Engineer: 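One structure follows; several queries about it will come next.
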Amino acid sequence: MPELPEVETTLRGISKKILNKQINSFEPRTEKLRWPINKNLKKFLKNKKVCSAERRGKYIILNLSKGHLLIHLGMSGKLRVFNKPTEPKKHEHWDINFTDGWTLRYTDIRKFGALIKIDTKPDQHKLLKNLGPEPLGNSFNGEYLFSVTRKKTRPIKNLIMDANVVTGVGNIYANEALFLAGIRPRKQSRRLSKTNCEDLSRAIRQTLTEAIEAGGTTLKDYTNASEAPGYFKKELRVYDRGNLPCLTCGAKLKLIKQANRQTVYCPVCQN
DNA sequence: CTGGTGACCTGGCTGC
DNA sequence: TGCAGCCAGGTCACCA
């Protein structure tokens with residue numbers, strides 16, 4: 001579910017509601033999500049203040065008065081902040097309760113998300129230290145993409161979905177960006193021209209930016225921190241449209257399986 | 001080093 | 001209706 005725009009939308013939704021608040025208690029209701037939840041986390045979080053919140057790729061980092069908390073939403077995770085504690089339902093795996101009565105609650109049907117305490121500098125954590133540049137940042141551009149595609153034999157879609165090449169581009173937006181750039185997903189990375197790389201980096205930036213402005217994509221059940229759906233779905237041109245006509249030329253969109261993921265492209269518009 | 005695959009987990013949908 | 005089988009937005013760990 002959550003790709004970069006959904007994570008960004010979530011972060012914006014929770015930030016102002018939790019900033020500068022002090023943590024009263026942490027209540028886990030599961031032993032583990034993707035990894036076991038650190039047993040010292042209750043103690044670690046007690047009385048800590050949330051100084052700032054930021055995003056790195058699809059990770060949310062809460063910077064505390066001492067230490068950091070790393071949150072990943074996996075495939076189905078959601079964060080919500082509310083001030084009237086309700087009885088936690090199934091799949092609502094943890095709460096961070098603040099001293100003013102507000103609660104940050106995590107819901108995740110598939111338990112692919114993560115909650116990790118970090119004592120050192122976050123960017124040196126093994127999950128973060130190898131991440132590629134932010135697709136919306138200045139260091140991600142055609143020149144960068146050109147340099148990392150040289151000598152790479154793997155398909156370009158696999159490459160841009162590799163978080164160590166560029167972080168935050170998931171399946172939906174990889175499909176969309178490749179369509180926008182007119183490049184076939186299976187094209188070998190090293191075969192991309194300089195122009196291809198410039199088009200693709202621009203397409204990735206544009207796709208993500210538009211999705212953030214729309215509040216993320218809602219496919220099945222994504223909602224933002226206020227439980228509102230995202231409105232980007234109506235903007236999707238290829239994802240989830242296999243065998244339907246291309247919105248540009250009318251040709252039947254190809255649906256293939258690539259790297260175990262649904263991949264859709266237009267055989268006419270993309271080369 | 002590079003690249004491909006399995007695994008994690010649950011629910012929803014399809015088709016028999 | 002029931003149920004087996006397949007699929008899903010992510011990505012780490014492991015293997016060749």
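Letters A, B, ... mirror the listed sequences (proteins, then strands); counts begin at 1. Everything numeric here is computed off the predicted structure, so don't read it as measured data.
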Engineer: Rounded to the Å, how far apart are A:Leu128 CG and C:dT11 C1'?
Structural biologist: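 The distance from CG of A:Leu128 to C1' of C:dT11 comes to 13 Å, rounded to the nearest Å.
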
Engineer: Is the positively charged end of A:Lys48 above the ring of A:Phe44, judged by distance under 6.0 angstrom from the centroid and angle within 45° of the axis?
Structural biologist: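 Yes; both conditions hold, so A:Lys48 lies above the ring face of A:Phe44.
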
Engineer: Are the side chain of A:Gln270 and the backbone N or O of A:Pro267 linked by a donor-acceptor pair below 3.5 Å?
Structural biologist: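 No, because the side chain of A:Gln270 does not come within donor-acceptor range (under 3.5 Å) of the backbone of A:Pro267.
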
Engineer: Ignoring the backbone of A:Lys58, work out which of C:dA8, C:dC12, C:dG10 is nearest its side chain.
Structural biologist: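 My answer, after comparing the listed nucleotides, is C:dG10.
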
Engineer: Please report the distance separating the P of B:dG12 from the corresponding atom of C:dT11, rounded so that it comes out in whole Å.
Structural biologist: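 Here B:dG12 and C:dT11 have their P atoms 23 Å from each other.
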
Engineer: Just wondering, do A:Phe112 and B:dC9 stack (centres under 5.5 Å, planes under 30°)?
Structural biologist: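 Not stacked by the 5.5 Å and 30° rule.
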
Engineer: Please test A:Ile172 against A:Asn175 for side-chain contact (heavy atoms from CB on, under 4.5 Å), starting from the C-alpha separation and ending with a verdict.
Structural biologist: CA-CA 5 Å; A:Ile172 297 178; A:Asn175 277 294; 6.0 Å; no

Engineer: What integer number of Å spans the P atoms of C:dC7 and B:dT5?
Structural biologist: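 My reading of the P atoms in C:dC7 and B:dT5 gives 15 Å.
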
Engineer: Just compare C:dT11, C:dA13, B:dC9 and give me whichever is closest to any side-chain atom of A:Lys126.
Structural biologist: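 Selected nucleotide (nearest to the side chain): C:dA13.
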
Engineer: Reckon A:Tyr239 has a side-chain N or O less than 4.0 Å from the OP1 or OP2 of C:dG9?
Structural biologist: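 For C:dG9, OP1 or OP2 has a side-chain N or O of A:Tyr239 closer than 4.0 Å.
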
Engineer: Side-chain N or O of A:Lys32 less than 4.0 angstrom from OP1 or OP2 on B:dC8?
Structural biologist: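 It does not, given that no N or O in the side chain of A:Lys32 lies less than 4.0 Å from OP1 or OP2 of B:dC8.
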
Engineer: Looking only at atom types and distance, does a side-chain atom of A:Lys46 sit under 3.5 Å from a main-chain N or O of A:Asn24, one as donor and one as acceptor?
Structural biologist: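 Answer holds: yes.
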
Engineer: Give a yes/no on whether any side-chain N or O of A:His72 is located under 4.0 angstrom from OP1 or OP2 of C:dC12.
Structural biologist: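 Indeed not, no polar side-chain atom of A:His72 lies that close.
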
Engineer: Roughly how many Å apart are C:dC6 and B:dG6, using the P atom of each and rounding to a whole number?
Structural biologist: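 Looking at atom P only, B:dG6 and C:dC6 are 13 Å apart.
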
Engineer: Measure from CG on A:Asn130 to C1' on C:dA13 and round the result to the nearest Å.
Structural biologist: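 To the nearest whole Å, that distance equals 14 Å.
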
Engineer: In whole angstrom, give the distance that lies between atom CG of A:Asp240 and atom C1' of B:dG12.
Structural biologist: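 These atoms are roughly 14 Å apart.
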
Engineer: Just how far, in rounded Å, is P of B:dC9 from CE of A:Met75?
Structural biologist: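 These atoms are roughly 14 Å apart.
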
Engineer: Between A:Lys111 and B:dC8, is there a side-chain N or O to OP1/OP2 distance below 4.0 Å?
Structural biologist: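 False: A:Lys111 side-chain N/O out of range (4.0 Å or more) of B:dC8 OP1/OP2.
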
Engineer: When you compare B:dG11 with C:dC12, how far apart are their P atoms, in angstrom units rounded to a whole number?
Structural biologist: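 Nearest-Å result for B:dG11 against C:dC12 at atom P: 25 Å.
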
Engineer: Consider only side-chain N and O atoms of A:Asp95 and A:Thr103, and report whether a donor and an acceptor are under 3.5 Å apart.
Structural biologist: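 Result is no, nothing qualifies.
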
Engineer: So, is A:Lys90 near the phosphate of B:dG11, with a side-chain N or O under 4.0 Å from OP1 or OP2?
Structural biologist: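 The answer is yes; a side-chain N or O of A:Lys90 sits under 4.0 Å from OP1 or OP2.
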
Engineer: Side chains of A:Ser201 and A:Asn141: donor-acceptor distance under 3.5 Å anywhere?
Structural biologist: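 Side-chain D/A pair, A:Ser201 to A:Asn141: absent.
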
Engineer: Please report the distance, rounded to the nearest Å, between NZ in A:Lys157 and P in C:dG10.
Structural biologist: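 To the nearest whole Å, that distance equals 9 Å.
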
Engineer: Check the side chains of A:His93 and A:Asp108 for a donor-acceptor pair under 3.5 angstrom, ignoring hydrogens and angles.
Structural biologist: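 Result is no, nothing qualifies.
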
Engineer: Can you tell me if A:Arg105 and A:Thr86 form a side-chain donor-acceptor pair at under 3.5 Å?
Structural biologist: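 There is such a pair (donor and acceptor under 3.5 Å, judged by atom type) between the side chains of A:Arg105 and A:Thr86.
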
Engineer: Looking at A:Tyr173, does any N or O in its side chain come under 4.0 Å of the phosphate oxygens OP1/OP2 on C:dG10?
Structural biologist: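 Answer is no, no contact under 4.0 Å.
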
Engineer: May I have the distance from A:Lys89 (atom NZ) to B:dG11 (atom P), rounded to whole angstrom?
Structural biologist: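 The distance from NZ of A:Lys89 to P of B:dG11 comes to 14 Å, rounded to the nearest Å.
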
Engineer: Are the side chains of A:Phe140 and A:Ile204 in touch, meaning some heavy atoms are under 4.5 Å apart?
Structural biologist: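 SC-SC contact between A:Phe140 and A:Ile204 confirmed.
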
Engineer: Run A:Asp123 and A:Arg56 through salt bridge (Lys or Arg N to Asp or Glu O under 4.0 Å) and show every step you take.
Structural biologist: CA-CA 9 Å; A:Asp123 57 9; A:Arg56 180 75 177 95; over 6 Å; no

Engineer: Check nucleotides 1-5 of chain B for protein N or O atoms closer than 3.5 Å to its own N or O atoms and list the pairs.
Structural biologist:
from  : atom 1 : to       : atom 2 : distance (Å)
B:dG3 : OP1    : A:Thr153 : N      : 3.2
B:dG3 : OP1    : A:Thr153 : OG1    : 3.2

Engineer: For DNA chain B, what string of dots and brackets results from 5' to 3' when Watson-Crick and G-U pairs need both distances under 3.5 Å, crossing pairs get [ ], and pairs with another strand get |?
Structural biologist: .|||||||.|||||||

Engineer: OP1 or OP2 of C:dG10 less than 4.0 angstrom from a side-chain nitrogen or oxygen of A:Arg110, does that happen here?
Structural biologist: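 False: A:Arg110 side-chain N/O out of range (4.0 Å or more) of C:dG10 OP1/OP2.
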
Engineer: On a whole-Å scale, what distance lies between the P atoms belonging to B:dC9 and C:dC3?
Structural biologist: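 After rounding to an integer number of Å, I get 24 Å for this pair.
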
